[in-house]
**Student:** 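Before we start, here is the structure in question, set down as structure tokens.
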Protein chains: 2
Amino acid sequence: MAVTIKDVAKLANVAPSTVSRVIANNPRISEQTKRRVREAMEELGYHPNYNARSLANRSTQTIGLVMPSSADKALQNPFFPEVLRGISTKAHEKEYTLYLSTGATEEEMLQGVMGMVHGRRVDGIVMLYSRIDDKIMAFLEQQNFPFTVIGKPLVNPDSITHVDNDNFRAAKDVTDHFIGKGHERIAFVGGNLDLVVTVDRLSGYEKALREADIPYRDDYVVHVEFLKEGGHEAVMELFSLEQPPTALVVADDLMALGIMSKLDEMGLSVPQDVSIISFNNVMLAEYASPPLTSVDINIFQLGYQAVNCLLEKIDDNEMASKRVCIPHQVVDRWSVRTLNESEKVN
Amino acid sequence: MAVTIKDVAKLANVAPSTVSRVIANNPRISEQTKRRVREAMEELGYHPNYNARSLANRSTQTIGLVMPSSADKALQNPFFPEVLRGISTKAHEKEYTLYLSTGATEEEMLQGVMGMVHGRRVDGIVMLYSRIDDKIMAFLEQQNFPFTVIGKPLVNPDSITHVDNDNFRAAKDVTDHFIGKGHERIAFVGGNLDLVVTVDRLSGYEKALREADIPYRDDYVVHVEFLKEGGHEAVMELFSLEQPPTALVVADDLMALGIMSKLDEMGLSVPQDVSIISFNNVMLAEYASPPLTSVDINIFQLGYQAVNCLLEKIDDNEMASKRVCIPHQVVDRWSVRTLNESEKVN
DNA sequence: TTTTATTAAGAAATCGTTTACAATAAATGA
DNA sequence: TCATTTATTGTAAACGATTTCTTAATAAAA
């Protein structure tokens, strides 16, 4: 059917093994035969069959990607295309290709991952999220299969190679930022508490308050299911309090967008009535009205480094696991206002 | 190393071929031996090696996905996660897995696709976009490799199986919608003219105007490079005209968002000063302030059906190519205002 | 009882590579 | 001149499945 290494061998009058060596550019083959073989390949339009190669090699040169469940609204977050860009850049550099694992339920996804691992479809896996008590991660660990995580694994983070931001610090920075601008009634709107990133950011927020001697109020902390409906509820709760907050630390740009839309409906305006800082700094943050002050977590690098670590791991699975921390940076736009003295009274 | 079919065979005291038949649930094997073999598989924790299988079978049970260049901002569009959801749903149903082709430049992407095809990594390909004069599509056609396109191919659309909306009609509907509400100064803000979808929508817009005897004005048609900066320029142009438009047909929700942000800056409000209808109805349309009236193009179905067609094609490559048209529907929200009589004077 | 079907399972070839191990020929050195 | 390197290529056995023939055993038919 298709042209194989044998056809090339025949035409070039050499053995198949020689052709294989030419492909690998093995120095033990003379330049002369190399030329002859290459001409034959050219003439026949030969291309190696990757399946055969993987079989013989026991390596696939592909890495598996585990994204959140396709049913999960979180997938709509522009975070993913961007992290994918980082991943694919590094993968391309090293001539690795990408295999996508999907599924609607956690069970379906686990099946998919088990298929990748057992079926030897991939050499390693990068997990694009980090959830508390995740079965997939548990499985990979138990199998001792090379993988890296984007975000911080909750259970034994020290034995799992991962790349993450210092989310604790980032949230603290943001909260400090507000405090520095005179805010004291600062609320925290987090995402799904199953995500480690949420709890990290919440701790950072708490710490900043504590350091500034601002009392932590339970009713200033809400968690929403990431997309619109949730955002609306949260805003309702927050702003029907006797003392509504003047500033919001929001765990995600998209959530901030939803909140702003609700605020708008309620006749509150940003930043006059409420200041907002959110996380991720996806392109949309710039689009919002007003443009959102957001902390840039360098999503591209998260992906790029995750693959980098994974490749090291694939190369030597016994290598010590490590944690790579990607720097963040708050980028100022127009969603934050400085309170003046008279407003500061609580 | 890993447990193979031979190990199972040995333990179950049968030949490897028998094990293979048990896996395929071949009726020529007695229930009794099937049970024995299955027990052995269980005991050893056997899982078939997909590479070996693909090699023997000449089929990979995986489909390749060609997305826009990872450098392309368009990738940030929530269109993609949603279409991916459709794709992965159908793929899962039929036990196909997904292979991702990426690349920063068109050349890089073409290399990737050539790799998939020649290296027999995938059984078929779905193209997630349709661009004018696309090399990848040309390559696939020339190779007679099974593929389907989401969107309408410009060159010989009749010989390429594709799934698309009736974008001409959709744009006409939207424009008619505006006309029905008394608008006459209707502008069109399109995306990249290389994308077939853009030209289709533009024609629909024109047609509606013509039918309503509203003159087509060149200065009411602008094209922007999809993301923010472009959106801003376009708005500037449009609203610095002597007779600025009262309604905007915008080719994409995200673009509409950018435009609204600029409008806000200029002190114009939606829908009081300008009405907007955009396309795609991604979740964000609901978030915007005000929530956007948008035409739902049923993105999920685009993906789902594309895979459906592809699988038919893989099954029988000689099958006639077809065009599947996914219905659309404009969903009304709050970005459109009805002009009253006094305003209608031009 | 012999012949013919039928059923169940094994033997061996195949898919397209890679690679350990030979093999050959030319070059070197004593 | 003959042993020994060295450089180059070939042989054949993996890699882990599938699948086409066979074959052995049993049941049915003659």
Side-chain angles (χ1 to χ4, degrees), chain A residues 1-41 44-62 95 115-123, chain B residues 1-41 44-62 95 115-123:
Chain A
M1 179 146 213
V3 20
T4 78
I5 216 172
K6 285 181 192 162
D7 303 320
V8 175
K10 200 164 293 169
L11 181 61
N13 243 303
V14 296
S17 53
T18 303
V19 177
S20 175
R21 289 186 181 111
V22 172
I23 294 170
N25 200 18
N26 186 317
R28 305 172 64 92
I29 302 293
S30 72
E31 282 307 323
Q32 189 185 326
T33 36
K34 274 185 186 172
R35 207 174 313 120
R36 210 167 70 243
V37 170
R38 288 198 180 114
E39 270 162 20
M41 301 202 312
L44 297 177
Y46 168 80
H47 291 272
N49 178 315
Y50 281 96
N51 283 309
R53 208 177 241 196
S54 296
L55 186 57
N57 267 340
R58 277 90 144 262
S59 111
T60 60
Q61 289 283 118
T62 104
E95 308 210 276
M116 302 208 276
V117 173
H118 287 137
R120 303 244 128 58
R121 281 182 198 272
V122 301
D123 294 342
Chain B
M1 175 143 221
V3 21
T4 80
I5 215 172
K6 283 181 194 162
D7 303 319
V8 176
K10 200 164 294 169
L11 182 61
N13 242 304
V14 296
S17 51
T18 303
V19 177
S20 175
R21 289 186 181 110
V22 172
I23 294 171
N25 200 19
N26 186 317
R28 306 173 63 92
I29 302 292
S30 72
E31 281 308 321
Q32 188 185 326
T33 37
K34 273 186 185 172
R35 205 172 317 118
R36 209 168 71 241
V37 169
R38 289 200 178 111
E39 271 162 20
M41 300 200 314
L44 297 178
Y46 169 78
H47 291 270
N49 178 315
Y50 281 96
N51 283 309
R53 208 177 240 196
S54 295
L55 185 58
N57 270 338
R58 278 86 148 263
S59 113
T60 60
Q61 290 281 117
T62 105
E95 309 211 275
M116 300 209 275
V117 172
H118 287 138
R120 304 241 127 58
R121 281 184 199 270
V122 301
D123 295 341

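Labels below follow one simple rule: chain letters A, B, ... track the order of the sequence lines, proteins then strands, and each chain is numbered from 1. Computed from a predicted model, the values in this text were never measured in an experiment.
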**Student:** What's the spacing between B/Tyr50 OH and A/His118 NE2 if we round to 0.5 Å?
**Tutor:** 11.0 Å

**Student:** If you compare all heavy atoms of B/Ala52 against all heavy atoms of A/Leu55, which two are closest, and at what distance to 0.1 Å?
**Tutor:** CB-CD1, 3.8 Å

**Student:** Counting only non-hydrogen atoms, which of residues 44-53 of chain B are less than 4.0 Å from DNA chain D?
**Tutor:**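 The answer is B/Tyr46, B/Pro48, B/Asn49, B/Ala52, B/Arg53.
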
**Student:** Once you round it to whole Å, what is the distance between P of D/dA17 and NE2 of A/His118?
**Tutor:** 13 Å

**Student:** Rounded to the nearest Å, what distance is computed from the CG atom of residue B/Asn26 to the C1' atom of nucleotide D/dA17?
**Tutor:** 15 Å

**Student:** Which donor-acceptor pairs under 3.5 Å do side chains of residues 9-30 of chain B form with protein atoms, sequence neighbours excluded?
**Tutor:**
| unit_1 | atom_1 | unit_2 | atom_2 | d |
| --- | --- | --- | --- | --- |
| B/Asn25 | OD1 | B/Lys34 | NZ | 2.9 |
| B/Asn25 | OD1 | B/Arg38 | NH2 | 3.3 |
| B/Asn26 | OD1 | B/Arg28 | N | 2.8 |
| B/Ser30 | OG | B/Thr33 | N | 3.3 |
| B/Ser30 | OG | B/Thr33 | OG1 | 2.8 |

**Student:** Taking B/Glu95 for the side chain and B/Gln61 for the main chain, is one N or O donor matched with an acceptor at less than 3.5 Å?
**Tutor:** no

**Student:** Hey, does the side chain of B/Asn49 reach the backbone of A/Arg120 with a donor-acceptor pair shorter than 3.5 angstrom?
**Tutor:**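 Answer holds: no.
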
**Student:** Ignoring hydrogens and geometry, is there a side-chain-to-backbone donor-acceptor pair from B/Thr60 to B/Asp123 under 3.5 Å?
**Tutor:**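 Here the side-chain-to-backbone pair exists.
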
**Student:** Could you tell me which residues satisfy side chain to side chain donor-acceptor pair (under 3.5 Å) with A/Ser54, sequence neighbours excluded, listed by chain and number?
**Tutor:**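 Checked A/Ser54 against side chain to side chain donor-acceptor pair (under 3.5 Å); zero matches.
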
**Student:** Can you check the A/Lys6 NZ to D/dA12 C1' distance for me, whole Å?
**Tutor:**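 Taking NZ of A/Lys6 and C1' of D/dA12, I get 12 Å after rounding.
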
**Student:** Provide, to the nearest angstrom, the distance between the CG atom belonging to B/Leu55 and the C1' atom belonging to D/dA17.
**Tutor:** 8 Å

**Student:** Report yes if at least one side-chain N or O of B/Ser54 is closer than 4.0 Å to OP1 or OP2 of C/dC15; otherwise report no.
**Tutor:** no

**Student:** Atom CG of B/Asp7 and atom C1' of D/dA17: how far apart are they, to the nearest Å?
**Tutor:** 13 Å

**Student:** Angle between the end axes of the helix from C/dT1-D/dA30 to C/dA30-D/dT1, five pairs per end, to the nearest 10 degrees?
**Tutor:** 60°

**Student:** Tell me: CZ of A/Arg120 to C1' of D/dA17, nearest whole Å?
**Tutor:** 14 Å

**Student:** Let's see if you get this right: which residues in residues 8-15 of chain A place a heavy atom under 4.0 Å from DNA chain D?
**Tutor:**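 The answer is A/Asn13, A/Val14, A/Ala15.
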
**Student:** Rounding to an integer number of Å, can you tell me how far B/Ile29 CD1 sits from D/dA24 C1'?
**Tutor:** 14 Å

**Student:** Looking across every strand, which nucleic acid part, if any, lies under 4.0 Å from B/Thr33 by heavy atom: base, sugar-phosphate, or nothing?
**Tutor:**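 The answer is sugar-phosphate, as B/Thr33 gets under 4.0 Å only of primed atoms, P, OP1 or OP2.
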
**Student:** Provide the closest heavy-atom pair for B/Tyr46 versus B/Ile5 in the form atom of the first, atom of the second, distance.
**Tutor:** CE1-N, 3.6 Å

**Student:** Measure CZ/B/Arg121 against C1'/C/dT17 and give the value in whole Å, please.
**Tutor:** 14 Å

**Student:** Taking N or O atoms only and anything under 3.5 Å, show me the protein contacts with nucleotides 19-22 of chain C, one pair per line.
**Tutor:**
| unit_1 | atom_1 | unit_2 | atom_2 | d |
| --- | --- | --- | --- | --- |
| C/dA20 | N6 | A/Arg21 | NH2 | 2.8 |

